[in-house]
Every structure is written in structure tokens, then in C-alpha cells.
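Lettering of chains follows the sequences in order, A, B, ..., and the numbering in each one begins at 1. Just the heavy atoms: all of them, side chains too, but no hydrogens, waters or symmetry mates, feed the values below. All figures in this text were calculated on a predicted structure; none of them were measured in a lab.
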Amino acid sequence: MAAPLSRQKLLREWKLYFFIVPSLAMVLAFVYYPAASAIYHSFFEWAGGDTRHWIGLDNFSRAFHDKVLMGSFLTVSILVIFNLFQMIPSILLAVLIHRLRSDRWQFIYRVLLVIPMIVPGLVTLFIWKFFFDPSLGVLNSLLDATGMKDVLVSLDHLFGWGVFFANAPIAWLSQPALILPSLFIWGFPWIGVVGVLIFLAGLQSIGQDIYEAAELDGVGPFKKFLYIEFPLILTQMRLNLVLLIIGTVGGYGLQLELLDIYGGPGGRGMVPGLWMYNRAFFNGEFGYACAIGMILFAFILLLTFVNNRYVRVDK
Amino acid sequence: MSSSPARISALRRDGSKHLVILFFILISLFPLYMMLEVSFKDNATFLRNPWLPTSPMSWHWENWSFAFHLIVPYIANTVFVAVTGTACSLFLAILGAYFFARHRLPFSGILWAGFLALMLMPSVVNITPLFMVLKSLKLLNTLWALVLVGVAAGQVFNIFVLRNFIEDLPRDLFEAAEMDGASHLQQVFTIVIPMSGPIIGTLAILSFLGMWNDFLLPLIVLRDQDLFTLGVGLIYLDGEYVKQWGQIMAAYFVASIPLLVLFFFTMRLFVRGLSAGALKG
């Protein structure tokens with residue numbers, strides 16, 4: 001409905017500019033200016049004070065030789081691959097809920113699913129940290145009680161991991177080799193904040209009659225998924241994946257709170273965002289942190305581009 | 001009455017699905033169960049019996065009173081940040097969206113492109129220079145810093161959604177209002193806001209949740225314990241050396257109460273809001 005205005009009308013409507021000024025001022029001050037400042041300062045040695053020192057591209061060449069930073073990109077790539085598996089329970093759950101014949105139960109389950117999501121994320125995180133505790137934690141008690149620990153120990157003997165021992169509790173967050181597995185397990189069954197609801201929205205267009213027709217034709221549950229549901233939620237899967245990837249690649253809150261500022265023992269949980277945070281706020285290397293931020297930005301932009309280019313799903 | 005045999009047969013035919021769904025939901029709810037159950041124990045009871053709730057006779061209510069004293073000030077700070085931030089953010093976004101939706105003025109195309117470009121920028125990249133900006137504005141260690149940054153961060157998405165919505169409102173309404181000599185601000189208050197109630201509610205919940213759950217920015221901005229928001233407060237609690245798990249779990253539960261209450265009253269908006277959050281990408 002927005003149409004170009006005549007000159008005369010423009011003179012009358014100029015006051016409308018006042019409507020955008022507050023938003024614009026906020027965005028300029030707290031988003032654009034910091035972004036410009038990040039680009040600018042990535043060429044400086046800067047401890048955050050008034051003195052800064054032009055060093056050209058030194059921050060960037062340092063970054064590309066920084067073993068911690070390069071390792072952190074590898075870690076974050078592994079975490080992104082984890083995302084693929086962590087999506088499975090949400091899909092399964094959405095499909096099962098959608099297939100229920102009773103609308104009432106569908107609603108009840110939706111509400112029950114949202115409840116864990118509205119507990120502050122940090123609380124969930126800390127409860128999981130508590131679950132991982134070697135002597136008090138739920139996870140170890142569960143493995144002991146079900147005998148799974150013996151299985152893990154014998155597997156350890158078989159493959160020589162040197163990680164699980166019969167006479168010591170499993171040190172989830174303090175054994176370097178177990179950091180990545182812990183980052184995978186935490187939050188099981190990974191029913192994401194938006195995941196199930198997005199999938200349910202995608203499934204909405206499948207009516208009960210389609211299922212009945214499929215049943216008459218003798219289509220089994222798995223084939224039903226393959227031919228009826230899967231094609232319809234492909235778009236949602238891509239959307240969900242994009243959200244998860246952007247969150248995982250840029251995020252560092254999880255690693256900061258579950259492990260520590262160095263990404264846990266051996267730095268196995270170090271991700272680029274955390275290293276940036278670490279350099280800036282614990283080492284006072286603000287210029288270098290800005291450069292890391294730029295590299296991370298480029299990496300996310302590249303991932304978004306690849307995603308749009310190659311993971312396109314046309315309905 | 002006639003529906004009840006049908007219902008039972010539906011339940012029987014869907015039995016295995018119900019079992020799988022319940023299995024997953026029970027695991028998702030398990031952390032909450034542990035939180036509630038441990039919150040009534042002291043460390044000795046917890047070590048003896050970590051799994052099952054104790055009888056109400058031996059509940060340690062002092063954990064809860066400890067938690068309330070500790071967490072309520074944090075909640076007050078967080079409520080201030082999240083409510084002020086959400087209200088300001090949406091009000092500014094409505095004005096901004098109205099600007100883009102009503103007329104195409106000179107430069108509005110460029111401004112729009114400038115706003116959209118921000119959608120590509122991950123906020124995490126900005127945190128270092130943002131800290132310096134807040135420092136030079138003398139906003140460090142204030143709650144206003146969190147409000148201002150929250151408002152700025154929410155503008156792009158909110159304006160994006162609201163613009164489309166306002167453009168779809170019937171044009172006659174605006175024209176009629178203009179005939180009656182209504183100013184733009186009056187049109188916003190008498191047409192836009194009353195007619196976009198649900199979408200404003202949904203956006204408000206998303207923005208509120210975002211500010212409520214943020215802890216990375218508060219962690220670098222806030223220094224005084226008086227000003228701690230929930231996130232920083234919980235991190236501070238986690239850093240205690242000797243851990244009284246009962247007290248900690250009670251504190252976690254108290255921290256979760258406000259959102260549970262909010263959820264109870266706005267269940268429908270919540271479910272829709274969370275689904276709409278998907279479109280953010």
C-alpha cells in the first residue's frame with residue numbers, strides 16, 4: 001500500500017520521519033556503531049583504554065596461527081554435526097503427536113512440551129551440570145544402576161580409550177576426552193524450544209483422512225513418514241537447522257557455564273565466541289577480540305550462504 | 001456419552017504412540033522433578049536418598065526461605081529490565097513500522113535496507129565493542145544499559161514483522177481517520193495498536209523471553225550484587241564453593257516461578273509466539 005508521494009503531499013507528511021528517528025537512533029548507537037568500531041579496532045592493538053596502536057593485519061595473521069582459535073572452529077563444527085542428531089527426537093515427537101487421533105491429547109502434549117522450555121535456560125544448564133557431577137550426579141548413578149558403566153568400561157578395555165575405569169566415577173566435565181560427549185549428551189532428549197512446534201506447524205496440512213487412506217492401502221508407519229510427513233517438513237527441518245547452526249556457531253554461554261572460561265580441561269570445549277570473550281574480558285586484548293569477532297562473522301555469513309545455496313528445499 | 005467408547009478405542013489404537021511420547025516428555029520433565037524434590041532436602045538427606053521425595057514432615061522449608069531472600073531482588077531487577085525493555089522496544093518498533101508501512105518517503109528504501117542488513121549480523125560479534133560503547137556512555141553497572149541494548153537489538157525483527165502486518169490493515173480505516181483530521185500519532189493509537197493486539201502480544205512474549213533469559217550481557221555489564229539480574233545471580237550462586245544442593249535447587253525453582261505464572265495466563269500466546277520465533281531466521 002505504500003506508494004510514492006507527490007511533492008505537495010511530502011511537505012505535509014514530513015513529520016512522519018519523527019516516527020523512525022527513535023528506532024534509528026537506538027540501532028545506530030547500539031548496533032551499527034559497535035559493528036563499525038569492531039571493524040576499525042580489529043586493526044589495532046588495543047587494551048580498551050585511550051591508547052591504541054595501529055598494527056595493520058597483525059591481529060588477523062595472529063588469529064590464523066592461533067592454535068586455540070583454529071581448534072575452536074573444529075570443535076564448533078563438531079557441535080554443528082551434533083545438531084543434526086539432536087533434531088531427531090523433536091521430529092519423532094512432532095510426527096507422533098500429529099498422528100494422534102484425539103485433538104485433546106494433542107493439545108495436552110503441546111502444553112506439557114512447552115513447560116520445560118519456559119524454565120530459564122540457565123537453570124536447565126545448571127541442573128545438567130549437577131547431573132554430570134561425578135559422585136552426586138544422576139547420570140553416573142543411572143549408569144551404575146543399569147550396569148551400563150560395566151559395558152562402557154569393557155568397551156574402554158577393548159578400544160583402549162583410557163577414559164572409563166571400573167573403580168572410579170566417570171568424570172564427565174573434567175576428563176578432556178569426555179568434554180565433547182558431555183556437550184552432546186546435555187539436554188537429552190533435546191526437545192528444542194521451537195523445534196517440535198515448528199514441525200507441528202509444518203505437519204498441520206496433513207489431514208486425518210490422508211492417514212486413513214494410507215492405512216487402507218496398507219502403508220506401514222515408517223513408509224507413512226517417508227512418503228507423507230517427511231516431504232512436508234523438509235522446509236521446517238531446514239529452518240530449524242539454520243536456527244540451530246547460527247545459535248551453535250555464535251554461542252558460547254553453554255561452554256562458559258558448563259565448563260569454564262578456557263573451555264574446560266584441555267580446552268576441548270573451546271568455541272570461537274568463548275575465545276573472543278576470553279581474550280577481551282580476561283586478557284584485555286580488545287583489538288584481537290574484535291579481529292576474532294570479524295572472522296567469526298565471516299564464518300557465519302559463509303555458512304548462511306552455503307545453506308541458502310545448497311540446502312534449498314523447494315515445495 | 002456416545003463419544004466415550006470411540007475415545008477409548010482411539011486411545012487403544014494410539015497406545016504405542018502415547019507410550020513413546022510420554023517417555024520423551026517424562027525425560028524432559030525429569031530435571032524439573034529433581035529440582036523440586038531436592039529443594040526440600042539438606043545435603044545429608046540428599047546423599048542418603050537422592051531420588052525419591054521425602055515425606056512432607058521432614059521438608060526443609062528453610063531452603064525455600066533462603067531462596068526467596070536471595071532470588072527475589074534478582075527477580076525484581078530482571079522484571080524491571082524485561083518489562084521496560086519490552087514496552088519501549090515494541091512502542092518504538094510500532095512507530096518505525098508505521099513509518100515504513102504508510103508512505104514511501106524519500107530515503108525510506110535505504111533505511112529499510114539498512115535495517116534488514118542487521119538481520120545477518122550475529123549479536124555475539126558485537127559484544128566487545130558494545131562493552132566499550134556502554135563504558136564511554138557511563139552506562140556500565142546500570143540496569144539501563146541492559147534495557148537500551150535490549151531495545152536496540154529487538155528493533156529489526158519487530159519492525160520487520162509489524163511492517164507487514166500494518167500494510168495488511170484495511171486502508172480505508174487510515175483514510176477515514178485522515179478525513180477526520182487525525183494525526184499520525186492518533187492513527188497509531190486508535191487504529192494500529194487496537195487492531196494488532198495478537199501480533200503485539202506474540203512479539204512482546206518473544207522479546208520478554210529474550211531479555212529474561214539473557215545472561216551474557218548482564219555478566220559483563222553488572223558489578224554490584226544489588227543490580228544482579230537472574231542470570232548473573234544464578235551464575236554467582238553456582239560459583240559458591242561449598243554447595244548446599246537443597247538451597248540451590250530451591251533458588252532455581254524460585255527463579256522459574258515468574259515465567260511459569262506468566263505462562264499459565266498466556267498459554268495460547270506462548271505457543272504461538274514460540275512457533276513464530278521460528279520465522280526469525
Spacing of CD1 belonging to B/Ile21 relative to CD1 belonging to A/Ile108, to within rounding of 0.5 Å: 11.5 Å
Residues A/Phe30, B/Leu134; criterion side-chain contact (heavy atoms from CB on, under 4.5 Å); working and verdict: CA-CA 9 Å; A/Phe30 296 107; B/Leu134 294 172; 3.8 Å; yes
Distance-minimising heavy-atom pair for A/Gly253 and B/Phe215: CA-CZ, 3.8 Å
Structural part of B/Ile94 lying under 4.5 Å from a heavy atom of chain A: neither
Interchain contact, A/Val138 with chain B, by part (heavy-atom threshold 4.5 Å): both
Contact list for residues 22-40 of chain A, test salt bridge (Lys or Arg N to Asp or Glu O under 4.0 Å), sequence neighbours left out: none
Selection from A/Phe297, A/Tyr40, A/Phe18 maximising heavy-atom pairs under 4.5 Å formed with chain B: A/Phe297
Side-chain donor-acceptor contacts of residues 92-99 of chain A below 3.5 Å, not counting sequence neighbours, with atom names and distances?
| from | atom 1 | to | atom 2 | distance (Å) |
| --- | --- | --- | --- | --- |
| A/His98 | NE2 | A/Leu203 | O | 3.2 |
| A/His98 | NE2 | A/Ile206 | O | 3.1 |
| A/Arg99 | NE | A/Glu229 | OE2 | 2.8 |
| A/Arg99 | NH2 | A/Pro221 | O | 3.0 |
| A/Arg99 | NH2 | A/Glu229 | OE1 | 2.8 |

B/Ile159 portion near chain A, given a 4.5 angstrom heavy-atom threshold: side chain
Contact summary for A/Ser23 and B/Ala93, nearest pair of heavy atoms: OG-N, 4.4 Å
Interface moiety of A/Leu100 toward chain B, non-hydrogen atoms closer than 4.5 Å: both
Trace of the side-chain contact (heavy atoms from CB on, under 4.5 Å) decision for A/His41 with B/Thr128: CA-CA 10 Å; A/His41 283 112; B/Thr128 318; over 6 Å; no
Exercise: identify the closest heavy-atom pair between B/Ser256 and A/Pro120: OG-CD, 3.6 Å
Parallel, tilted or perpendicular: ring planes of A/Phe126 versus B/Tyr252, cut at 30 and 60 degrees: parallel
Distance, nearest 0.5 Å, that separates CD of A/Glu257 from CD1 of B/Ile235: 3.5 Å
Contact origin within B/Ile248 toward chain A - heavy atom pairs under 4.5 Å: neither
B/His18 and A/Trp105 aromatic ring geometry - parallel, tilted or perpendicular at 30°/60° bounds: perpendicular
Top contributor to chain A interface from B/Trp245, B/Phe24, B/Phe107 [non-hydrogen pairs under 4.5 Å]: B/Trp245
Stepwise side-chain contact (heavy atoms from CB on, under 4.5 Å) test for B/Val149 and A/Val31: CA-CA 8 Å; B/Val149 174; A/Val31 189; over 6 Å; no
A/Phe130 ring center within less than 6.0 Å of B/Phe46 ring center: yes
Inter-residue atom distance B/Ile25.CD1 - A/Ile191.CD1, 0.5 Å rounding: 8.0 Å
Reported OH-to-OG distance for the pair A/Tyr33 and B/Ser136, which is rounded to 0.5 angstrom: 6.0 Å
Most contacts with chain B, counted as non-hydrogen pairs under 4.5 angstrom, among A/Gly293, A/Pro34, A/Gly251: A/Pro34
Region of A/Tyr277 in contact with chain B, defined by heavy-atom distances below 4.5 Å: side chain
Heavy-atom pair of closest approach, residues A/Val123 and B/Ala255: CG2-CB, 4.4 Å
Max heavy-atom pair count under 4.5 Å with chain A, selected residue of B/Leu130, B/Asn126, B/Leu92, B/Ile257: B/Asn126
When B/Val188, B/Val156, B/Leu219 are compared by non-hydrogen pairs under 4.5 Å with chain A, the top option: B/Leu219
Chain B contacts, top residue of A/Ile127, A/Leu16, A/Leu28 (heavy-atom pairs, under 4.5 Å): A/Leu16
Point-to-point distance, once rounded to the nearest 0.5 Å, from CG of B/Asp238 to NZ of A/Lys129: 4.0 Å
Pairwise distance CG(B/Leu230) to CG(A/Leu122) - rounded to 0.5 angstrom: 9.0 Å
Heavy-atom neighbours of B/Phe23 CZ exceed 12 at 6.0 Å: no
Nearest heavy atoms of A/Gly121 and B/Asn213, plus distance in Å: N-OD1, 3.8 Å
Closest non-hydrogen atom pair, B/Val133 against A/Ala29: CG1-O, 4.0 Å
A/Ile20 side chain reached by B/Phe100 side chain, heavy atoms, under 4.5 Å: yes
Donor-acceptor contact below 3.5 Å, side chain A/Tyr32 vs main chain B/Gly114: yes
Residues from residues 278-288 of chain A approaching chain B under 4.5 Å (heavy atoms): A/Ala280, A/Phe281, A/Phe286
Side chain, backbone, both or neither of B/Phe131 within contact of chain A (heavy atoms, under 4.5 Å): side chain
Interface residue of largest heavy-atom contact number with chain B, from A/Gly273, A/Cys290, A/Ala35, A/Pro89, under 4.5 Å: A/Ala35
Region of B/Leu185 in contact with chain A, defined by heavy-atom distances below 4.5 Å: both
B/Leu216 vs A/Leu256 side-chain heavy atoms within contact, under 4.5 Å: yes
Derivation and outcome, side-chain contact (heavy atoms from CB on, under 4.5 Å), residues A/Tyr109 and B/Leu22: CA-CA 9 Å; A/Tyr109 285 138; B/Leu22 277 175; 3.7 Å; yes
A/Phe131: ring-ring contact (aromatic ring centres under 6.0 Å, His included) partners, not counting sequence neighbours: A/Trp128, B/Phe30
